[in-house]
Peer 1: 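Here it is: the structure, laid out below.
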Amino acid sequence: MTLRTKITAVVATAAALAMSLAAFMSYRGVSTLVADELDRGLDDRTNTVVAFLAAGLTPPARTDMIEQVVSARGTVKPTAPGRDTLPVPPDALRVARTGKGESRADVVVSGTEYGTLTRPLPGGGAVMVGQSYEGAARLDHQFLWRISWTTAAAVGFAALVGWLVLGRILRPVRRLAVTTRRITTTQDLATPLPPAGSDEIGQLTHSFEHMLSALRRSRAQQQQLVQDASHELRTPLTSVRGSAELLQRARGRLAPEDEEQILTTLVTETAALDALVRELVELATDRHTQEDPEAVDLAAAAEDGAQRLRRRTGRTVLVVGDDANPPVPVRARPRALQRCIDNLLSNAVKFSPEGTAVVVHIGGGTLTVRDQGPGIAPGERHAVFDRFYRGPRTQATPGSGLGLAIVHDIITADSGTVFATTADGGGAEVGFHLPPHGREGPKGPTGGRRSRRAV
């Protein structure tokens, strides 16, 4: 059953219930009015018959009524000869005997139901008038039949209108469903979605468009990553293959120093390949996406990263804070943030000469790592965060060119910003800013005077 059929069935059911309730209330109201009119007509006719008989006259006969005089002894005399007589209930006989009060009762004569009213006569006895319910029953039946088919027609009309209106309302949904099925079947993310209006269905179409745009960007990034990776992997693989083929052809005829040099090249290039593949897997899978953002002490995370680098390299790493802008807890994924800090520190050590210190500045939600390398040219301040980017002054430095790209992807995913610039006095400053915990949205990097005190 389609959505259109389901909604139409619901609309028809609701209309049937509403119309049935309205019909029932109308029927009850009309029945009450008819009963009241019958009672008033019976009262008026009884008063008329009493007045005629009191004046010694015979009332004109009516085909829908039976009128008779009941004596105190219970004998019955019709006012019109040849008419049927009404059975006399005990209450009617009491009125005839006592001459007081009145009596109402329903009786059946020759298969027809009558409503009766008995009232006393001035000279004794009583007048008993019966009014047939046949006309009222026929009117009641006709009204019930007419209101039934009217209700059924109204329900059918409501279902038809609902079907047509729903078809018009759901037409954009059907077009959207057809388009999404085509995209799913063909995997063609360039397929345009149908035009979107300003209603809820239009908002749904806009949401699909945003999702499709994100998928297009993701696919483009994946394709670009594969192309870049194949290009970057080709150089070390060529070197490894050439060295291995040289060893195979030489078969021990190389001088020891030449063989040592080739083996060193093999080890170096293999290590570079291992690091490159590891970085590619990190960048392609983003293993930290399953983490939930939480409050992270940025100063403590920086100190942990500095200690790991000291143990691994023996280099000097200083962590300093900003007196004017003390560190605050930031909203981030803890393990992903540690990865960012490790990448920034490793990058700084790579470009800093031996014997120089790497300095980590922290102020508010901003972390900046300063090295003592050649610095970053103004035109490269954004490019350094691209995948596999190697600046002209760093071509000879080993590396995959993915470390800062990973930092960029992780920080921007947590609503942060990254930056890179040349520091006063030489060297580069590379870092990021994250929003404080409990506050959303990216902030720009903070400035402020920094003091050389350990955090």
Side-chain angles (χ1 to χ4, degrees), residues 189 206-229 232 275-302 304-305 308 327-348 360-369 380-389 399-421 429-446:
L189 300 182
H206 283 302
S207 298
F208 270 98
E209 180 62 40
H210 294 326
M211 181 180 67
L212 199 58
S213 298
L215 289 174
R216 293 190 191 108
R217 289 194 299 270
S218 177
R219 175 175 287 184
Q221 291 171 356
Q222 289 177 359
Q223 293 174 346
Q224 186 64 42
L225 178 61
V226 171
Q227 294 172 2
D228 293 343
E232 294 296 325
L276 180 58
V277 170
R278 189 167 56 249
E279 297 282 6
L280 284 172
V281 172
E282 183 80 26
L283 190 62
T285 60
D286 192 2
R287 294 174 298 172
H288 306 294
T289 54
Q290 300 302 320
E291 285 189 278
D292 292 327
E294 59 183 65
V296 179
D297 188 335
L298 189 58
D304 290 342
R308 284 194 299 273
V328 296
V330 295
R331 183 179 183 273
R333 296 168 290 166
R335 287 182 296 168
L337 183 61
Q338 287 291 351
R339 173 69 173 174
C340 291
I341 294 174
D342 290 345
N343 283 9
L344 290 176
L345 291 174
S346 298
N347 188 73
V360 182
H361 299 280
I362 304 174
T366 302
L367 182 145
T368 305
V369 178
E380 300 177 337
R381 292 177 181 177
H382 297 291
V384 293
F385 294 102
D386 295 338
R387 296 169 180 175
F388 304 108
Y389 178 79
S400 64
L402 293 175
L404 294 184
I406 293 175
V407 172
H408 172 272
D409 288 354
I410 292 176
I411 294 301
T412 54
D414 286 338
S415 301
T417 55
V418 294
F419 56 90
T421 186
E429 286 188 338
V430 184
F432 58 81
H433 177 87
L434 285 169
H437 180 64
R439 187 184 307 169
E440 296 182 356
K443 302 289 183 180
T446 58

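Just so you know, these numbers use all the heavy atoms, side chains as well, and skip hydrogens, waters and symmetry mates. Along the sequence shown, residues carry numbers from 1.
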Peer 1: Rounded to the nearest 0.5 Å, what's the gap from NE2 on H210 to CG on L215? Could you check?
Peer 2: 13.5 Å

Peer 1: I'd like to check the side-chain contact (heavy atoms from CB on, under 4.5 Å) partners of T421; sequence neighbours left out, ordered by chain and number.
Peer 2: R381, E429

Peer 1: Which atom pair, heavy atoms only, marks the closest approach of S415 to P435?
Peer 2: O-CD, 3.5 Å

Peer 1: Closest approach of A302 and L367, non-hydrogen atoms and distance?
Peer 2: CB-CD1, 3.7 Å

Peer 1: Considering all heavy atoms of both residues, which atom of A332 and which atom of L434 are nearest to each other, and what is their separation?
Peer 2: CB-CD1, 3.7 Å

Peer 1: Which of these passes side-chain contact (heavy atoms from CB on, under 4.5 Å) with V407: N343, T412, N347?
Peer 2: N343

Peer 1: Measure the shortest side-chain to side-chain distance between I341 and D304 over non-hydrogen atoms and say whether it is less than 4.5 angstrom.
Peer 2: no

Peer 1: To the nearest 0.5 angstrom, please state how far the CG atom of L337 sits from the CD1 atom of I411.
Peer 2: 6.0 Å

Peer 1: Return the minimal non-hydrogen interatomic distance between G364 and L298, and the atom names on each side.
Peer 2: O-CD2, 4.2 Å

Peer 1: If you look at every heavy atom in G431 and L344, which pair is closest and at what distance?
Peer 2: CA-CD1, 4.1 Å

Peer 1: How long is the gap from SG on C340 to CG on L404, to the nearest 0.5 Å?
Peer 2: 10.0 Å

Peer 1: Walk me through whether V430 and V384 qualify under side chain to side chain contact (heavy atoms under 4.5 Å, CB included).
Peer 2: CA-CA 10 Å; V430 184; V384 293; 5.9 Å; no

Peer 1: Looking at residues at least two apart in the chain, or sitting in another chain, which of them share a side-chain contact (heavy atoms from CB on, under 4.5 Å) with V328?
Peer 2: P436

Peer 1: Provide the closest heavy-atom pair for G305 versus Q338 in the form atom of the first, atom of the second, distance.
Peer 2: N-OE1, 4.2 Å

Peer 1: Take F432 and I410, measure what side chain to side chain contact (heavy atoms under 4.5 Å, CB included) needs, and give me the verdict at the end.
Peer 2: CA-CA 10 Å; F432 58 81; I410 292 176; over 6 Å; no

Peer 1: Could you pull out all residues at least two apart from S213 that satisfy side-chain contact (heavy atoms from CB on, under 4.5 Å)?
Peer 2: E209, R216, R217

